[in-house]
Amino acid sequence: MVTYQYNRESRLLTPDHFKVVFSKPIRFHSQHFTVLIRHNNLDHPRLGFAIAKKRVKHAVQRNRIKRLVRESFRLNQHNLPTVDLVIMAKSGIDQLDNQAIKQQIEKIWRKIIQRQKN
RNA sequence: UGAGUUGACUAGACAAUCGCUGCUUUAUCGUUGUAUUUAUUCUUGUUAAUAAAUAGACAGAUAAAGGGGAGGAAAGUCCGGGCUUCACAGAGCAGAGUGCCAGAUAACGUCUGGGCGGCGCAAGCCGACGACAAGUGCAGCAGAGAGAAGACCGCCGAUGACUACUUUUUAAGUAGUACAGGUAAGGGUGAAAGGGUGCGGUAAGAGCGCACCGGAUGGCUGGUAACAGUUCAUUGCAGGGUAAACUCCACUCGAAGCAAGACCAAAUAGGGUUCCAUCACUCUUUGAAGUGAAUACGUGGCUCGCGUAGGAACCGGGUAGGUUGCUUGAGCCUUAAAGCGAUUUAAGGCCUAGACGAAUGAUUGUCGCUUCUUUUUUAGAAGACACAGAACCCGGCUUAUCGGUCAACUCAUUAA
RNA sequence: GCUCUCGUGGUGAAAUGGAUAUCACGUGGACCUCCGGAGUCUAAGUUGCAGGUUCAAUUCCUGCCGAGAGCG
């Protein structure tokens with residue numbers, strides 16, 4: 001079933017959720033992202049962010065990254081396995097434009113899907 | 001037309017698709033338990049219990065529709081206030097802050113008007129702008145001297161001393177020495193050297209005296225005041241700088257913050273009360289008795305060690321979590337009145353974000369803007385389209401900022 | 001949300017408002033040596049930035065910028 005919804009069910013809400021992901025993650029890297037994933041027992045994937053103020057200085061930039069990644073997650077979530085994801089940003093990401101960020105995050109989705117099949 | 005000053009406003013526009021989050025309405029589900037009706041039960045009640053239906057209410061869930069959804073600085077957290085909790089008889093000390101005068105305000109370190117000083121041709125802008133004559137400190141180097149000072153060069157050497165000469169020889173005069181000494185004009189040092197100019201005066205000089213200018217003190221006049229003026233009087237005149245040095249004077253300040261605070265409250269652990277159970281001991285009472293858990297049981301051949309010591313009900317605190325505080329407010333817009341103005345008052349209208357691992361977005365198209373290329377009027381390409389993202393709420397200040405619009409004023413040039 | 005501290009050669013630290021800003025380590029250059037080490041000499045500071053007070057500011061005051069810490 002294809003859904004484009006993104007509500008509170010699709011997010012990591014409490015520190016406990018994050019701790020679980022950070023404890024035994026599988027890592028995926030690109031030039032400006034680190035993604036930690038871990039299987040959950042639900043029937044849908046969940047998304048969380050950990051973007052440090054040290055890496056991305058301005059609040060406008062942090063919000064932009066979160067919105068872009070969230071939008072991409074929203075449109076691709078039906079293809080993803082049932083995992084919890086934590087997106088971490090690396091410094092320098094605020095220099096990129098919207099298209100570049102979109103391409104990078106979509107590349108990561110493909111890697112996750114590929115790994116799941118194997 | 002050009003150059004500038006001040007104030008106010010604006011912060012790309014429209015459409016489509018897919019989302020996020022409050023609000024309103026409707027529908028469905030759910031929850032609680034209120035009212036009514038009906039049925040059943042029996043202790044037969046105007047009253048109880050149970051069940052169902054209908055109506056109403058509502059923490060909530062889902063769906064649909066409608067409508068709303070970042071800023072002028074939301075930022076820095078530099079001030080002030082509301083709100084909340086705690087503390088508190090009153091007063092003082094300490095500490096911190098402010099500092100020309102008057103006003104505005106809920107309050108302010110903010111704003112308005114005025115004074116004084118500085119900058120600018122001007123419109124205008126800037127200023128921590130109380131007191132050093134209450135006391136204490138500080139001023140390197142240079143310089144003679146750095147605080148009620150001082151003699152290095154210079155000037156003088158009247159007076160005193162010494163030498164020489166002359167004379168009327170216990171004395172006087174003249175010349176010299178630069179010894180005592182005088183001097184604050186000139187030079188020089190320094191950021192700063194104890195009013196300025198001129199004339200008189202003098203051995204040379206000096207407010208030493210005088211004239212003018214400037215000041216100080218008192219009075220008078222104007223002003224609410226800061227302060228200004230003064231053809232008034234007195235005073236030769238000043239002991240300068242520094243308080244963003246200690247300090248003094250005047251005024252202000254209780255402390256902490258929405259993670260404040262209020263309510264609901266799981267699991268686990270733990271507290272209290274009652275009842276039941278286990279074991280040991282006690283008894284004029286042999287009991288659902290009293291006291292205790294130091295004991296008992298298990299593991300084990302024994303010691304050490306390890307494990308177990310219960311069950312039920314109720315009460316209170318309270319963690320995770322949830323709800324609330326949470327957006328109607330010193331609110332915004334328009335008009336009128338008062339005031340030079342900040343602002344205030346009155347009338348009418350409006351409701352304009354409330355998220356919480358944290359929404360307010362993405363993509364596409366058309367137009368606009370900027371830059372670049374080609375070229376001379378188009379075409380093409382690029383663009384997080386300036387700075388920047390609410391977190392209890394307001395009033396300011398400060399800092400960042402591509403452009404655009406409007407109004408008032410100033411200066412220059414040209415024309416009439 | 002509240003509070004505090006720091007910023008000085010490449011690094012780590014000194015300096016009462018007063019001379020050309022000092023010390024250690026490191027780096028570059030020169031000397032010494034056959035070469036290297038050691039040694040000797042020497043160079044490199046916008047005292048974070050912008051204003052102000054003062055005769056004079058690393059020091060005092062104000063505003064920014066950056067780094068770090070603490071409390072809840």
Side-chain angles (χ1 to χ4, degrees):
Chain A
M1 130 185 167
V2 176
T3 177
Y4 297 117
Q5 289 187 354
Y6 179 79
N7 50 28
R8 285 174 69 84
E9 302 289 317
S10 314
R11 288 181 296 192
L12 300 177
L13 292 174
T14 64
D16 290 343
H17 295 161
F18 278 81
K19 264 185 202 162
V20 168
V21 178
F22 277 113
S23 59
K24 276 191 178 175
I26 307 166
R27 289 169 183 273
F28 292 91
H29 296 281
S30 75
Q31 195 183 350
H32 291 98
F33 284 107
T34 301
V35 181
L36 311 181
I37 73 168
R38 186 184 166 101
H39 282 274
N40 60 21
N41 298 320
L42 305 170
D43 58 352
H44 55 80
R46 292 190 299 181
L47 184 67
F49 290 98
I51 298 177
K53 200 173 180 181
K54 200 171 179 181
R55 302 285 178 219
V56 184
K57 271 182 66 181
H58 293 293
V60 172
Q61 300 300 324
R62 286 197 298 276
N63 280 345
R64 183 169 69 96
I65 293 160
K66 282 195 258 184
R67 281 167 182 158
L68 287 167
V69 174
R70 191 185 298 124
E71 184 73 11
S72 181
F73 173 83
R74 188 173 68 80
L75 296 171
N76 290 293
Q77 58 179 317
H78 53 279
N79 295 322
L80 291 170
T82 60
V83 290
D84 288 344
L85 302 101
V86 174
I87 311 289
M88 302 175 76
K90 301 184 186 175
S91 40
I93 192 168
D94 51 336
Q95 306 295 323
L96 300 178
D97 60 15
N98 286 7
Q99 283 299 323
I101 290 173
K102 232 180 124 186
Q103 284 170 12
Q104 281 206 23
I105 201 72
E106 278 171 1
K107 198 181 272 181
I108 290 177
W109 298 150
R110 282 200 295 277
K111 279 164 87 174
I112 292 172
I113 294 162
Q114 191 68 31
R115 174 135 180 168
Q116 179 68 14
K117 282 178 183 167
N118 299 342

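One atom, NE2 of A/H58, and another, P of B/A400, lie 14 Å apart when rounded to the nearest Å. In this structure, CD1 of A/I51 is placed 10 Å from P of B/A358, rounded to the nearest angstrom. Nucleotide B/A384 holds its P atom 21 Å from the NZ atom of A/K66, rounded to whole Å. Following rounding to the nearest Å, A/I101 (CD1) and B/G361 (P) show an atom-to-atom distance of 16 Å. Atom-to-atom, CZ of A/F49 to P of B/G357 comes out at 14 Å; the value is rounded to the nearest Å. When rounded to the nearest whole Å, the span between CG of A/N63 and C1' of B/A75 equals 14 Å. One atom, CD1 of A/I105, and another, C1' of B/U363, lie 18 Å apart when rounded to the nearest Å. Rounded to whole Å, atom C1' of B/G361 lies 16 Å from atom CZ of A/F73.
Electrostatic pairing of A/D84 and A/R38 does not count as a salt bridge here, judged by no charged N lying under 4.0 Å from a carboxylate O.
Note that CD1 of A/I101 is 11.0 Å distant from CD of A/Q103, once rounded to the nearest 0.5 Å.
B/A211 is paired with B/U197 under the criterion used here, namely a Watson-Crick or G-U wobble arrangement in which both key atom distances are under 3.5 Å. Pair assignment for B/A386: none, as no Watson-Crick or G-U wobble contacts are both less than 3.5 Å. Nucleotide B/A171 forms a pair with B/U167, judged by Watson-Crick or G-U wobble geometry with both contacts under 3.5 Å. Summarising the base pairing, B/G257 is matched to B/C83 through a Watson-Crick or G-U wobble pair whose two defining distances lie under 3.5 Å. Base pairing of B/G317: no nucleotide in any strand meets the Watson-Crick or G-U wobble criterion (both distances under 3.5 Å). Of all nucleotides present, none satisfies the Watson-Crick or G-U wobble test against B/U77 with each distance under 3.5 Å. The partner of B/U183 is B/G154, by the rule that a Watson-Crick or G-U pair needs both atom distances under 3.5 Å. Pair check for B/A57 finds B/U31; Watson-Crick or G-U wobble, both atom distances under 3.5 Å.
A distance of about 38 Å separates the P atoms of B/C249 and B/U77, rounded to the whole Å. Taking the C1' atom of each, B/A11 and C/C71 are spaced 41 Å apart, rounded to whole Å. On the C1' atoms, B/C402 is 9 Å away from B/C387, given to the nearest whole Å. Rounded to the nearest Å, the gap between the P atom of B/U252 and that of B/G103 is 15 Å. The same atom, P, is picked in B/C210 and in B/U174; the two are 33 Å apart, to the nearest Å. Spacing of C1' atoms, B/A408 relative to B/G361, comes out at 44 Å, to the nearest Å. Nucleotides B/C126 and B/A407, compared at atom P, are 25 Å apart to the nearest Å. Across B/U360 and B/G69, the matching P atoms stand 15 Å from one another, rounded to whole Å.
Listed candidates were B/G357, B/G361, B/G389. Nearest to the side chain of A/A50 is B/G357. Each of B/C356, B/A390, B/A388 was ranked by its minimum atom distance to the side chain of A/R11; first place goes to B/C356. With B/A390, B/A384, B/U360 as the candidates, the nucleotide lying closest to the side chain of A/R67 is B/U360. Closest approach to the A/A59 side chain among B/A384, B/G389, B/U363 is made by B/G389 (side chain taken as heavy atoms from C-beta onward).
Nearest heavy atom pair, residue A/Q104 against residue A/F33, reads OE1-CD1, 3.7 Å. Residues A/V21 and A/V86 approach most closely at CG1-CG2, 3.6 Å, considering heavy atoms. Taking all atoms of both residues into account, the shortest heavy-atom contact from A/P45 to A/P81 is CB-O, 3.5 Å.
Listed by first residue number, the stems of RNA chain C with at least three Watson-Crick or G-U pairs below 3.5 Å are C:1-7 with C:65-71, C:10-13 with C:22-25, C:27-31 with C:39-43, C:48-52 with C:60-64.
Panel note: side chain A/K111, backbone A/H29; a donor-acceptor pair is recorded below 3.5 Å. Checked by atom type and distance alone, the side chain of A/K102 never pairs as donor or acceptor with a backbone atom of A/V69 at under 3.5 Å.
Side-chain contact between A/M88 and A/V35 is absent, with no heavy atoms from C-beta onward closer than 4.5 Å.
Residue A/R70 places at least one side-chain N or O closer than 4.0 Å to OP1 or OP2 of B/A359. Taking only side-chain nitrogens and oxygens, A/R74 never comes nearer than 4.0 Å to OP1 or OP2 of B/G361. Using a 4.0 Å cut-off, no side-chain N or O of A/R62 falls inside it from OP1 or OP2 of B/A358.
Transitive grouping of hydrophobic side chains (ILVMFWY, heavy atoms separated by less than 4.5 Å) keeps A/V60 and A/I87 in distinct clusters. The cluster map of Ile, Leu, Val, Met, Phe, Trp and Tyr, joined by side-chain heavy atoms under 4.5 Å apart, puts A/V83 and A/I113 in the same cluster.
In this structure B/U352 sits in the syn conformation; its chi angle is within 90° of 0. Taking the syn range as angles within 90° of 0, the glycosidic angle of B/U24 is outside it, so the base is anti. Its glycosidic angle being more than 90° from 0, B/A216 falls on the anti side. An anti base is found at B/G205: its glycosidic angle is more than 90° from 0. Using a 90° window around 0 for the glycosidic torsion, B/G368 falls outside it and is classed as anti.
If you find the closest nucleotide of RNA chain B to A/R64 and to A/V60, the one lying nearer the 5' end belongs to A/R64.
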